[in-house]
Participant: 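One structure, pasted below without further comment.
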Amino acid sequence: QVQLVESGGGSVQAGGSLRLSCAPSGRSFSNYALGWFRQAPGKERELVASMFWRGGGTYYADSVKGRFAISRDSAKNTLFLQMNSLKPEDTAVYYCAAGSPILQLGRIDDWGQGTQVSVSS
């Protein structure tokens with residue numbers, strides 16, 4: 001059974017930082033891209049950041065470039081999203097996702113359960 005188990009998230013003030021974690025299991029992800037989508041109330045789900053599980057191919061949405069960093073710890077088999085300089089508009093439910101060969105809405109194989117990130121002004 002494929003699982004993407006998320007942790008992290010929470011509530012912070014603007015300018016603060018949070019780190020999300022995603023632990024994938026249940027299959028080999030060597031030919032997959034993993035990353036994070038987010039969905040705010042009343043808005044469409046959007047891709048925030050992604051990378052190839054084997055390394056490289058990093059992508060960031062323009063709205064988070066320079067503030068968010070996606071990375072992978074091979075030893076811990078965990079994907080991270082470090083979020084710095086958070087803004088109220090970053091408030092959303094964040095979802096870890098896996099797709100092959102790239103992450104693209106409509107072609108996602110696996111979703112995490114979602115974690116709430118709330119940023120107050």
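Just so it is clear, the values below take in all heavy atoms, side chains as well, and ignore hydrogens, waters and symmetry mates.
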Participant: Taking all heavy atoms of Ala49 and all of Tyr60, pick out the closest pair and write down the distance.
Facilitator: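 Heavy-atom minimum between the residues: CB-CD2, 3.7 Å.
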Participant: If you measure from OG on Ser74 to NZ on Lys76, what distance do you get to the nearest 0.5 Å?
Facilitator: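 Answer rounded to 0.5 Å: 12.0 Å.
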Participant: Establish whether Leu34 and Val93 are linked, either directly or via other cluster members, by ILVMFWY side-chain heavy-atom contacts under 4.5 Å.
Facilitator: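 The answer is no; the residues belong to distinct hydrophobic clusters.
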Participant: Heavy atoms only: give me the nearest Ser17-Asn84 pair and the separation to one decimal.
Facilitator: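 Looking at all heavy atoms of both residues, the shortest contact is OG-OD1, 2.9 Å.
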Participant: Do the rings of Phe68 and Tyr94 sit parallel, tilted or perpendicular, given the 30° and 60° boundaries?
Facilitator: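 Rings of Phe68 and Tyr94: tilted, 30 to 60°.
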Participant: Looking at Ser21 and Thr78, what are the two nearest heavy atoms and their distance?
Facilitator: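 Minimum heavy-atom contact is CB-CG2, 4.0 Å.
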Participant: Do Tyr59 and Trp111 land in one hydrophobic cluster if side-chain heavy atoms of ILVMFWY residues count as linked below 4.5 Å?
Facilitator: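 Yes, it is one cluster - the side chains of Tyr59 and Trp111 are joined through contacts under 4.5 Å.
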Participant: Who are the side chain to side chain contact (heavy atoms under 4.5 Å, CB included) partners of Pro88, not counting sequence neighbours?
Facilitator: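 Testing Pro88 for side chain to side chain contact (heavy atoms under 4.5 Å, CB included), a comparison that skips the adjacent residues, returns Ala14, Val119, Ser121.
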Participant: For side chain to side chain contact (heavy atoms under 4.5 Å, CB included), just list the numbers for Leu81 and Arg38, CA-CA rounded to whole Å, side-chain angles, deciding distance to a tenth of an Å, and then say yes or no.
Facilitator: CA-CA 12 Å; Leu81 184 67; Arg38 68 185 180 187; over 6 Å; no
Participant: Phe29 and Val2: side chain to side chain contact (heavy atoms under 4.5 Å, CB included), yes or no, with the steps?
Facilitator: CA-CA 10 Å; Phe29 289 91; Val2 176; 4.0 Å; yes
Participant: With clusters defined by side-chain heavy atoms of hydrophobic residues (ILVMFWY) lying less than 4.5 Å apart, directly or transitively, does Val117 cluster with Val12?
Facilitator: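 Same cluster: Val12 reaches Val117 through Ile, Leu, Val, Met, Phe, Trp or Tyr contacts under 4.5 Å.
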Participant: State the CG-CD1 distance between Leu79 and Ile70, to the nearest 0.5 angstrom.
Facilitator: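 Rounded to the nearest 0.5 Å, the CG-CD1 separation comes out at 4.5 Å.
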Participant: Examine distances only and state if a side-chain atom of Gln113 and a backbone atom of Glu6 form a donor-acceptor pair shorter than 3.5 Å.
Facilitator: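 Between the backbone of Glu6 and the side chain of Gln113 there is a qualifying donor-acceptor contact (under 3.5 Å).
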Participant: If you look at every heavy atom in Tyr95 and Gly112, which pair is closest and at what distance?
Facilitator: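 That would be CD2-O, 3.8 Å.
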Participant: In this structure, which one of Lys87, Met83, Gln82 forms a side-chain contact (heavy atoms from CB on, under 4.5 Å) with Arg67?
Facilitator: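 So the option named by the test is Lys87.
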Participant: Taking Pro24's backbone N and O only, do any of them form a donor-acceptor pair with Asn77's side chain (distance below 3.5 Å, no angle check)?
Facilitator: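 Answer holds: yes.
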Participant: If you apply the rule side chain to side chain contact (heavy atoms under 4.5 Å, CB included), what do you find for Ile108 with Phe37, and how did you get there?
Facilitator: CA-CA 11 Å; Ile108 302 299; Phe37 286 81; 3.7 Å; yes
Participant: Which residue pairs pass the disulfide (SG to SG under 2.5 Å) test when at least one of the two sits in residues 15-121, sequence neighbours left out?
Facilitator: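 Sorted result for residues 15-121: Cys22-Cys96.
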Participant: What pair of heavy atoms forms the shortest contact from Gln116 to Ser118, and how long is it?
Facilitator: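 Looking at all heavy atoms of both residues, the shortest contact is NE2-OG, 3.3 Å.
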Participant: Using 0.5 Å steps for rounding, measure from the CG atom of Leu103 to the CH2 atom of Trp36.
Facilitator: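 These two atoms lie 11.5 Å from each other.
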Participant: Look up atom OG in Ser50 and atom CD1 in Ile102, then write down how far apart they are to the nearest 0.5 Å.
Facilitator: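 Reported to 0.5 Å precision, the distance equals 8.0 Å.
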Participant: Looking only at heavy atoms, what is the nearest atom pair of Arg107 and Pro101, with distance?
Facilitator: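 The pair with the smallest heavy-atom distance is NH2-CD, 4.1 Å.
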Participant: Stepwise, does the side chain to side chain contact (heavy atoms under 4.5 Å, CB included) test hold for Ser25 with Val5?
Facilitator: CA-CA 8 Å; Ser25 63; Val5 179; 5.6 Å; no
Participant: Taking NZ, NE, NH1 and NH2 as the nitrogens, is one of them in Asp110 or Arg27 under 4.0 Å from a carboxylate oxygen of the other?
Facilitator: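 Result for this pair is yes, salt bridge flagged.
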Participant: Determine yes or no for a side-chain-to-main-chain donor-acceptor pair under 3.5 angstrom, with Arg72 supplying the side chain and Trp53 the backbone.
Facilitator: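 Yes, Arg72 side chain to Trp53 backbone: donor-acceptor pair under 3.5 Å.
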